[in-house]
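First the structure, in the form of structure tokens, and then the observations on it.
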Amino acid sequence: MGYEASLDQASETPPPGAESGATGPLERGLEVINLLGRARDPQRPADLVKSTGLVRSTVDRVVGTLVQIGYARWQGREVVVAPRLMELGNAYLEGAGFAESLGPLATALADELDESVSVAVPDGDGARFVVQSPRRRAMSVAFRVGDLLPAELCAPGPIFAADWNAARWAAFERRIGGAGEPEHTRYSVPAPVPEGGAEGFRRRVAAASRAGWAADDQLIEPGLIAVAVPVRGPSGAVACALSVVSHTSRHDVASLHERVAGAAGARVSAMEEALRRPRPEADRVPGTDRSRDPKRELGPGFLQSLDRGLAVLASLGTRPGGVTIAESAEATGLPRATARRSLMALEALGYARLEGRRYVLLPKVLDLGYAELSTLTFEDVVLPHLRALVDRVHDSASLAVLDGPDIRYVARVPASKIMRVAINVGTRFPAWATSMGRVLLAALPERERAALLPATSPAPFTPHTHVDPAELHALIEAAATDGHALVDQEFDAGLRSVAVPLRDHRGTVIAALNVATHAGPESAPDTAARLLPALRATAAALEADLSAYPTLPAL
Ligand code: PHB
């Protein structure tokens, strides 16, 4: 099972051939993704050349390929990771069952205790978060899903280390001894040499083993304390650890443990029960749609083997117990030999492990930009798309949702023109009189729509405003049929706007996207013809990004 794979990591030494031939681009691509994901700032290709040691032409091809797949995006002359990349981490979290089985249990415990609760899995000589149910407080450190802490600095660490083998202990001692391990830089916090060295940590591991729980008493941050208890998988081995995180202003370790001991037992049992339950095959791993347009322009620099290797990586999340070579080949549409080569490379690089005949994902896939991307806000995800749209059409672009009978702006990028409409995030307008409103009303069932429309003719905003309820009804019907709405100077003299709906992965309309332009000499149909292709393309790209989120990012 997927979560058990985290107990022991991929082989420490790469099998021969893993870095040769066609798998080289996959390794380099994963390295670049890893760096982009952990970089605090957008990276220029020259920065990537410096940090990877790869030659410029290789960096250019890797970046170009990642951008084409939708895993990275240009931001001016710099590159950032893009939401679609989350499909890889989602594949791991879904395959292991963390998202759906453990998440709600962690949240229930957080609600009961009114403290932050997290679940971490062992990953090398660290602990990686797979569930976070934070309580936002003035003084709190909230790690993100995907963040990796060194075992000696966090509460789950001593619990995991009880199962370490000699090789793992040796690696740990090398690391804290300062031997230049590349793993060093993987952690989300600096990892200074622990107090008492390796011996001190061994004592904490033994004590945790006897007590059945472990603590972090301000090891990471002054004031931050945590208590962790083990959660066992079906084999009886520790699968993950449940942590309750608090602050010295509310608890000390002893009182926090008392709280946890009273409440966590039932939750741990429920988690262990959830891990034992067979899970149905995921019908949809968020964002894992491998059907790429076969006719898309690949371009001369496109690294097909990187694209294929990443498709194989994503395919591992399609079945809870991992996939065989044949199943991966089938899921990706690749020849078996190609799938096999990629799987072996992924195993060598620590992203997957072979269990019997099946390859399962390992928590290291969360290193691929997951923590960064999973904490983006709705606006973070939306704004790059609105900016690109504005660059393309040279008019303002906005996103709005329905809020009662009004639309409410949730994101907006003004065109850099001197005359522009003063609208901000939060601005509300009556839905019936706006293009976004008509698109949003068009998505509602008849009865709900009727309830939000004026029953009698409202006061017009301009001489062009349609106010007759029957006419408005017909215009909204037309928006439903056409998939867009155009409002021409009905709301504001001189302003013409065109809107299209934005849907979630189920097809439900969640917002409307529009472009507002001057009602100049251009005819209204010409405006629609000019703007609609850009609006539709933007909506599709944004929908693809949003579909990478298991739940929509916070507004
Ligand atoms: C957390 O969930 O943020 C957390 C858990 C254990 C620690 C520290 C922080 O030791």
Side-chain angles (χ1 to χ4, degrees), residues 6 89 93 98-99 102-162 172 176 186-192 194-196 200-201 204-205 207-208 211-231 238-257 259-261 263-264 267-268 271 363 366 370-372 374-375:
S6 55
L93 293 171
F98 293 124
L102 302 192
L105 291 165
T107 302
L109 181 60
D111 289 343
E112 182 183 339
L113 298 176
D114 194 25
E115 300 284 0
S116 297
V117 170
S118 61
V119 177
V121 296
D123 186 354
D125 60 0
R128 194 181 294 276
F129 293 110
V130 293
V131 171
Q132 272 289 357
S133 196
R135 285 286 166 282
R136 297 261 166 252
R137 286 220 165 88
M139 286 186 296
S140 66
V141 181
F143 290 101
R144 307 162 298 182
V145 169
D147 275 335
L148 180 70
L149 299 183
E152 70 279 12
L153 279 189
C154 63
I159 290 170
F160 297 155
F172 167 74
I176 67 163
R186 298 201 304 143
Y187 298 109
S188 309
V189 294
E195 229 172 277
F201 184 58
R204 285 180 57 215
V205 173
W213 61 281
D216 158 8
D217 193 353
Q218 311 182 65
L219 293 168
I220 296 183
E221 175 97 355
L224 177 79
I225 56 172
V227 164
V229 292
V231 178
V238 172
C240 52
L242 177 69
S243 300
V244 178
V245 190
S246 189
H247 192 267
T248 46
S249 60
R250 296 189 295 282
H251 278 295
D252 60 19
V253 163
S255 73
L256 181 61
H257 173 248
R259 277 290 269 148
V260 172
R267 306 288 179 193
V268 168
M271 286 186 174
L366 295 173
Y370 200 84
E372 181 65 26
S374 68
T375 47

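We use all heavy atoms of the structure for the numbers below, so side chains are in, but hydrogens, waters and symmetry mates are not. Whatever order the structure lists them in is the order used to number ligands and atoms, beginning at 1. Along the sequence shown, the residues carry numbers beginning at 1.
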Worksheet item: Is there a donor-acceptor pair closer than 3.5 Å between any side-chain N or O of Ser374 and the backbone N or O of Tyr370?
Response: yes
Practice prompt. Decide whether an N or O pair under 3.5 Å exists between Gln132 and ligand 1.
Written response: yes
Item to complete: Give, for atom OG1 of Thr107 and atom CD of Gln132, the distance between the pair rounded to the nearest 0.5 Å.
Response: 10.5 Å
Fill in: Glu115 bridged to Arg259 by N-O distance under 4.0 Å
no
Discussion item. I need the atoms of ligand 1 closer than 4.0 Å to a non-hydrogen atom of Ser118, numbered in the order shown.
Written reply: 1 (C), 2 (O), 5 (C)
Practice prompt. Give the minimum heavy-atom separation between Leu256 and Val244, together with the two atoms involved.
Written response: CD2-O, 3.6 Å
Worksheet entry | Ala191 to Pro150 - nearest heavy-atom pair and separation | CB-CG, 3.6 Å
Item to complete: Could you list the atoms of ligand 1 found under 4.0 angstrom from a heavy atom of Asp216?
Response: 7 (C), 8 (C), 10 (O)
Discussion item. Does only the side chain of Ala155 get under 4.0 Å from ligand 1, or the backbone, or both, or neither? Count heavy atoms.
Written reply: both
Worksheet item: Which of the atoms in ligand 1, numbered in the order shown and given with their element, are less than 4.0 Å from a heavy-atom of Phe129?
Response: 1 (C), 2 (O), 4 (C), 5 (C)
Worksheet entry | Interfacing atoms of ligand 1 (cut-off 4.0 Å, heavy-atom, Ala226) | 6 (C), 7 (C), 10 (O)
Worksheet item: Counting distance only, does the side-chain N/O of Asp216 pair as donor-acceptor with the main-chain N or O of Gln218 below 3.5 Å?
Response: yes
Practice prompt. Using a 4.0 Å heavy-atom threshold (strictly under), name the region of Cys154 that reaches ligand 1: side chain, backbone, both or neither.
Written response: both
